[in-house]
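Below is one structure, written out as structure tokens; the observations come after it.
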Amino acid sequence: MKNLSRIALVALSLIVMLPALSARELHVVPQPAYTDIAAEGDYTVTPKTRIVVVDNLWNPAERFTEDMQRHFGTEKPMPTAKNGKGIKIRLDSCIPAEGYEMTISEDEILIIGGTEAGVYYGLQTLRQIIVTNDGKVPYGFIADEPTFSYRGAHLDVVRHFFSVDDVKRYIDILASHKLNRLHWHLTDDQGWRIEIKAYPELTEKGSMRKETLIGHGLEPKWWDGEPYGGYYTQEEIRDIVDYAAKRYVTIVPEIEMPGHSQAALHALPWLGCQEQEVDVWTMWGVTPEVLCAGKETTYEYLENVLKEVLELFPSELIHIGGDECPKDRWKVCEHCQAKMKAEGLDNEEQLQGYLVARIEKFLIANGRRMIGWDEILDGGVTETATVMSWRGIEGGIYAAERGNDVVMTPMNPCYFDFYQTKSREGEGLHIGGHNSFEKVYAMDPLAGMSDDAKKHIIGVQCNMWSEYLPTMARVEKMLLPRLAAMSEVQWATDRRNPATIRTRMETLRKFYDACGWNYTPYYFEGRE
Ligand code: TNX
């Protein structure tokens, strides 16, 4: 009896100890590269903890104070100072550019970044720990750096429009997951959303559609009868670009050409082959109404639009779309046929290749680089174009093997407008498909290619097409928690930790709750 109770006691103490031991594991997403956490001892961060700013790191310090203000609810928590004790941030060029090292000791929390962005990411890791662990940061050492330099998420603001504040909220969520690119889809058939001073008609006429399709557009078709639109002024765009930059997010703007341009054609009919009058489109999908690739006036227009885009967006990469361009109009257009003859082009695919290459030349002459959807491979691609592989991974592999840079975003599993569960129960209406958290987490962006090709995969991206996403709340529910899986693929491909992802996600869920972000429960309920 005596012995039994002894065993029971030991067992009991083990049970009591086990959670205590595992609580010393860091529950952070994405998984840091290296962690060494002491068995006991915490540095407790409070609203009074000072941020000691070295190397002029005022911006990351300010961002952190703002986030902490939301967390602590105290006005102006965490004073900044140039010296003293607290959370000290500084730079060291020996550390990888976006990487950081964090040492947590009795004296202080020291974060050293390779650049400002690295310090910012260190502070994001710290923020997750503070918010989910009552301010207690376990003594230890963390070293981290991202796998990919391009860690993107896309946002379609055409099919539905999102306010400046909505876009900023989206950027906040991306930056908190250590993403560094927002691919901003600004123009399409259903609306033109960026003010262009040279062509005011683009927004005056092209930003509004007569109504919006309800449901999937199958027979019988239904529309809501409500005019719908919106656009960003250049001033608003500058504000958003600046907001993103302060969170180390570069905005890659996308101006669609030569397809997905019906809103522009509505505003400026002379851009079309037959100068036909068309509406801003009220269907989803692929329209035959595209820009004329034969007339010189089209190229003039494209360069004028891009000139203003370049003024607004400092991003090196500029997205020119290039996807889903039916060639019906070109086949019967005298201008297109004449251009093909003059340039010695055999078919309309090559005419698209010509247009894309010409625009790329313009961008390069202006110190930028071009990125396009993988259809730009179909008309013969240049050596310098960057390719966004969406129809699958094959286009991306082909391009990378040739030596082109590639962003991997195959629709399976990177389309976040797809359903999150197989049963679709409770999900509402979406475009189709199935990309669960698990599928995103299992993605291998470097599969099936040579070691040389792997070097050309600059990153990974998830895409948020908004045909069925009328509000930011709905967008967030499609983004979260799948973005956490995406961020571990982007940031920590080789050190993904499937054994601990569920536990870490339970902790991250607390973080989402504290931030007031909308997310779906399916993954947490074990529904795939
Ligand atoms: C394909 S991806 C499109 C978009 C749609 C999306 C819906 C791509 C380059 N084109 O225009 O919104 O599918 O999932």
Side-chain angles (χ1 to χ4, degrees), residues 152-162 181-193 209 212-213 215-218 228 252-265 280-291 317-327 352 356 370-379 381 385-396 399 406-420 424 427-436 439-440 460-470 474-475 478-479 482 486:
H154 146 291
L155 182 64
D156 171 7
V157 295
V158 173
R159 277 57 176 271
H160 283 98
F161 180 71
F162 302 101
R181 294 287 185 282
L182 168 63
H183 169 179
W184 203 7
H185 188 78
L186 285 162
T187 72
D188 213 303
D189 302 310
Q190 299 82 3
W192 183 279
R193 309 259 177 256
R209 62 176 174 254
T212 298
L213 193 67
H216 274 147
L218 303 171
Y228 184 93
V252 179
E254 180 182 2
I255 305 295
E256 278 269 19
M257 63 188 79
H260 283 290
S261 297
Q262 194 168 315
L265 286 168
V280 177
W281 211 29
T282 55
M283 283 292 296
W284 311 132
V286 180
T287 164
E289 308 301 345
V290 303
L291 303 182
L317 284 174
I318 302 291
H319 206 302
I320 56 85
D323 58 313
E324 299 181 321
C325 178
K327 308 292 187 294
Q352 167 152 346
V356 170
M370 189 198 73
I371 181 165
W373 298 109
D374 61 44
E375 283 93 334
I376 65 171
L377 295 167
D378 302 346
V381 76
T386 301
V387 176
M388 200 166 251
S389 192
W390 76 276
R391 289 178 292 183
I393 56 172
E394 298 75 16
V406 170
V407 173
M408 278 295 187
T409 182
M411 64 175 125
N412 297 303
C414 295
Y415 272 31
F416 280 18
D417 55 337
F418 286 12
Y419 287 96
Q420 305 184 53
R424 301 182 177 184
E427 288 205 57
L429 185 74
H430 293 295
I431 198 156
H434 171 236
N435 285 328
S436 60
K439 282 192 181 173
V440 178
V460 187
Q461 176 173 293
C462 53
N463 295 325
M464 194 64 80
W465 300 102
S466 60
E467 286 95 333
Y468 297 91
L469 301 172
R474 300 271 308 264
V475 167
M478 294 308 259
L479 190 64
R482 287 186 290 191
M486 176 51 58

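As the structure is a prediction and not an experimental result, all values here were calculated from the model. For ligands, and for the atoms within them, numbers begin at 1 and follow the listed sequence.
The part of Asp417 lying near ligand 1 is the side chain, judged by heavy-atom distances below 4.0 Å.
Between Arg159 and ligand 1 there is a heavy-atom distance shorter than 4.0 Å.
Comparing Tyr468, Tyr415, Trp373 by heavy-atom distance to atom 13 (O) of ligand 1, the nearest is Tyr415.
Note that the CH2 atom of Trp373 and the OG atom of Ser389 stand 10.0 Å from one another [nearest 0.5 Å]. Note that CD of Glu467 and CD1 of Ile431 are 4.0 Å apart. Values are rounded to the nearest 0.5 Å. Separating the CE atom in Met257 from the CD atom in Gln352 is a distance of 11.0 Å, to the nearest 0.5 Å. A distance of 9.0 Å separates OH in Tyr415 from CD in Gln461, rounded to the nearest 0.5 Å.
Close N/O approach between Trp390 and ligand 1 is not found [any backbone or side-chain N/O within under 3.5 Å].
Shown in contact with Ile431 at under 4.0 Å from a heavy atom are these atoms of ligand 1, numbered in order with element: 7 (C), 14 (O). The ligand atoms of ligand 1 that sit less than 4.0 angstrom from a heavy atom of Glu467 are 5 (C), 7 (C), 12 (O). Taking every heavy atom of His260 and a limit of under 4.0 angstrom, the matching atoms of ligand 1 come to 11 (O). Every atom of ligand 1 with a heavy atom of Asp323 under 4.0 Å away is listed here by number and element: 8 (C), 9 (C), 10 (N).
Aromatic ring orientation, His154 versus His185: tilted (interplanar angle from 30° to 60°).
Checked against the 6.0 Å centroid criterion, the rings of Trp284 and His216 do not qualify as a close aromatic pair.
Looking at atom 3 (C) of ligand 1, its nearest protein heavy atom turns out to be Glu324 OE1, 3.5 Å.
With sequence neighbours excluded, no residue forms a ring-ring contact (aromatic ring centres under 6.0 Å, His included) with His434.
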